[in-house]
Amino acid sequence: MESCRVTPAMGLGLSRMGDSQARAMNLTTHVLNTATGLPAAGLALSLALLQEPGWMELLQRCTDEDGRCQLLLAPGQAKPGTYKLHFETAAYWQCQGHESFYPFVEVVFTITDPDKKLHIPLLISPYSYTTYRGS
Amino acid sequence: LVFTIYITIYFAKIKWRSDAADSKHPLFIKILDSVRGSPAPNVPVKLYKEAADASWELQTDDNGGLHELTTKEQFVAGLYKIELDTASYWKSLGLNPFHHHADVVFTANDGSYRHYSIVVLLSPFSYSTTAVVSEPVE
């Protein structure tokens, strides 16, 4: 995955908004650079679903100027299960002129109710990161 | 009395382990439980090396530490993944956690041989990890 150039609308999913009536999963993330205290803009990420024995990639996106990203899954795709968010952090740090410890960060979590909005922030610094389930 | 004191000191010495990597144990994991304010013992830890058939599985000790994941000879340059079965840890405490597990992926010994201490701080809905990389003192 290449790192992204940021445009303002990039964070929004590109799926058609006409499906918003049906069950669709609304997952948002927010990546913050804790070394600078600024959002991590233009950071590439992807979402995958565990389908043994491997992972099925569902979406690829980038964070916007505010470090945010919204990942919308169409009703057919949104089901309970184990999901993985993959963040291309090393590419981001390289753009910032920093070395970093991790080639990427992956957050693996369980969704029991796809109807509920889910917010998964990630705080990053070159040798550390924190992730949590937010609101 | 002198004999008693000697035995106490001896046992204290063999129980004490440093909270860091050392030349015999170049990769050290420390896991802490931020709900209980304690180490996280008995967390299953797997170490994978990219493109190798080998993976090693062990558990953190009573102090939430794990020294024995690899040895100086085994710990060659490459891409490694540490996988912590944090869900089992929380479930054994009767809690339902958010994360399926916690992964830490890193490139080790790229260029020269080093020591790595990986600290992970756990909560049921959050985790944090940091890496301390040091040059070995031979």
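The chains referred to below are lettered A, B, ... by the order of the sequence lines, with proteins before strands, and numbering in each begins at 1.
- For A:Thr110, the parts lying near chain B are the backbone and the side chain together; criterion is any non-hydrogen pair under 4.5 Å.
- Ring geometry, A:Tyr83 versus A:Phe109: the interplanar angle falls under 30°, so the pair is classed parallel (tilted spans 30 to 60°).
- Ring geometry for B:His67 against B:His25 counts as perpendicular: the plane angle is over 60°, on a 0 to 90° scale with 30° as the lower cut.
- Most heavy-atom pairs under 4.5 Å with chain B, from the set A:Val105, A:Thr131, A:Ile111, A:Ile120: that is A:Thr131.
- Of the two parts of A:Leu118, only the side chain, counted from C-beta on, holds a non-hydrogen atom closer than 4.5 Å to a non-hydrogen atom of chain B.
- Taking the six-membered ring for Trp and thresholds of 30 and 60 degrees, B:Tyr127 and B:His99 have ring planes more than 60 degrees apart, a perpendicular arrangement.
- The side-chain hydrogen bond (donor to acceptor under 3.5 Å, both in side chains) search around B:Ser128 returns A:Thr130, not counting sequence neighbours.
- A centroid separation of less than 6.0 Å is found between the aromatic rings of B:Tyr80 and B:Phe75.
- Contact of B:Val132 with chain A is not made at all, since no heavy-atom distance falls under 4.5 Å.
- Residue B:Leu121: no heavy atom, backbone or side chain, is found under 4.5 Å from chain A.
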